There are 2 protein chains.
Amino acid sequence: MDQDKLSLTFSALGDPTRRAILVRLSMGEASVSELAKPFMKEMSAPAITKHLKVLEKAGLITKSREAQWRQCKINGEPLREVSDWIEHYRVFWEESFDRLDEYLKTMTTKTTKKGKKNVRKK
Amino acid sequence: MDQDKLSLTFSALGDPTRRAILVRLSMGEASVSELAKPFMKEMSAPAITKHLKVLEKAGLITKSREAQWRQCKINGEPLREVSDWIEHYRVFWEESFDRLDEYLKTMTTKTTKKGKKNVRKK
DNA sequence: TGGTTAATTAACCGATAGGTAAAATATGGA
DNA sequence: TCCATATTTTACCTATCGGTTAATTAACCA
């Protein structure tokens, strides 16, 4: 039933509330109610609990008990995987710009040189 | 009603079919039916159309008419924005590892200590 | 003109997402 | 022991998601 990890991570990041929570957590650990504070006007505590569950399932945060509070902590690993996925294909989708760029240059200056960098096989 | 751009992009990337389509497009332009080919056993043409609409709305692809075919092309800009968002906070979430690392080091080398950094109030 | 192919739209479906209010649970402290 | 606080669970709601089939639109071609 469950999605692959990358999908879970991307989906978890696809919500502004959850991204804001992560940004907050990137400054340091925080309890659930500390995290909820900025959203209290807009949404209820159970809503935050649900968002945290989504983040937890994606491995983006971990929770630990500390008295009656739950301390939440960011976990960078899934973020690294997202970053890696994007960077892995970056050369390819950046290239389309290079090609367009080169094409435009050829059109305007009529320089038909070959052996340029960034030109991929056909 | 519509979400912010970053949310649209992350959500669009949160589906393995759509990521596969992007990976394919990172190798070069393709028509809808070319893109659909690898998924024909698993899903119908309208399903692909819908996925492409999601990608298009996120600005991840553009479509152009070419005879009876629609050529699809990847657009790197939203990917760059995602990448930038992650990299912008990278220093912070990477830091938690450094801190943990340091904490573990302190714990294993000298175990009593008060006034340690990272020990939070109660 | 009519037929074929490419792609989309329309209408529908079940599952999931994101929210709520109210009740339940867990813990520390008087 | 009882209360207050923090957090989660339950039950519910509506909207969106990801898929379907059937019908529709668009362009080429003979």
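The model shown is predicted, which means the values in this text are computed figures rather than measured ones. Just so it is clear: chains get the letters A, B, ... in the order the sequence lines come, proteins before strands, and each one is counted from 1.
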Glu87(A) side chain to Ser83(B) side chain, donor-acceptor N/O pair below 3.5 angstrom: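 Checked: Glu87(A)/Ser83(B) side chains pair up, N/O donor to acceptor below 3.5 Å.
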Short side-chain donor-acceptor distance under 3.5 Å, Arg90(A) and Ser26(B):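 Arg90(A) and Ser26(B) do not have a side-chain donor-acceptor pair below 3.5 Å.
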So, does [X] get its side chain near the phosphate of [N], meaning an N or O under 4.0 Å from OP1 or OP2?
| X | N | result |
| --- | --- | --- |
| Lys63(B) | dT8(C) | yes |
| His51(B) | dC17(D) | no |
| Ser44(A) | dT20(C) | yes |
| Thr49(A) | dT7(D) | no |

Mind checking if [X] touches a base, just sugar-phosphate, or nothing, with heavy atoms under 4.0 Å?
| X | answer |
| --- | --- |
| Ser33(B) | sugar-phosphate |
| Thr17(A) | nothing |
| Glu42(A) | sugar-phosphate |
| Gln71(B) | nothing |

Starting at [atom1] of [X] and ending at [atom2] of [N], how long is that distance when rounded to a whole Å?
| X | N | atom1 | atom2 | answer |
| --- | --- | --- | --- | --- |
| Leu35(B) | dT8(C) | CG | P | 10 Å |
| Gln3(B) | dC17(D) | CD | C1' | 12 Å |
| Ile21(B) | dA7(C) | CD1 | P | 12 Å |
| Lys57(B) | dT16(D) | NZ | P | 10 Å |
| Leu52(B) | dT8(C) | CG | P | 7 Å |
| Ile48(A) | dA21(C) | CD1 | P | 14 Å |
| Leu55(A) | dT8(D) | CG | P | 12 Å |
| Ile61(A) | dT7(D) | CD1 | P | 12 Å |

DNA chain C: 5'-proximal contact among Asp15(A) and Lys53(B) (nearest heavy atom):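 Mapping each residue to its closest nucleotide by heavy atoms, the 5'-most match is Lys53(B).
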Could you pull out every donor-acceptor pair under 3.5 Å between side chains of residues 45-56 of chain B and any protein atom, sequence neighbours left out?
{"from": "Thr49(B)", "atom 1": "OG1", "to": "Ala45(B)", "atom 2": "O", "distance (Å)": "3.4"}
{"from": "His51(B)", "atom 1": "ND1", "to": "Arg18(B)", "atom 2": "NH1", "distance (Å)": "3.2"}

Ring geometry between Phe10(B) and Phe10(A) (parallel below 30°, tilted from 30 to 60°, perpendicular above 60°):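 Plane angle between 30° and 60°, so tilted.
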Val32(B) reachable from Trp69(B) in the ILVMFWY side-chain graph, under 4.5 Å edges: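 No, no single cluster joins them.
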Common cluster, Val91(A)/Leu22(B), ILVMFWY with side-chain heavy-atom separation under 4.5 Å: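 The answer is yes; both residues are in one hydrophobic cluster.
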Under 3.5 Å, N/O pairs linking protein and nucleotides 25-30 of chain D:
{"from": "dC28(D)", "atom 1": "O4'", "to": "Gln68(B)", "atom 2": "NE2", "distance (Å)": "3.0"}

Minimal non-hydrogen separation, Pro38(A) against Glu34(A), with atom names: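 Result for this residue pair: CD-O, 3.5 Å.
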Out of dT20(D), dA7(C), dG19(C), whichever nucleotide has its closest atom nearest the side chain of Ala47(B):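 The closest nucleotide is dT20(D).
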Side chain of Lys50(A) (C-beta onward), nearest among dA11(D), dA11(C), dA22(C):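 Comparing dA11(D), dA11(C), dA22(C) against the side chain of Lys50(A), the answer is dA11(D).
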Partner residues of Arg70(B) under the salt bridge (Lys or Arg N to Asp or Glu O under 4.0 Å) criterion, sequence neighbours left out: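 For Arg70(B), no residue satisfies salt bridge (Lys or Arg N to Asp or Glu O under 4.0 Å) once neighbours in sequence are set aside.
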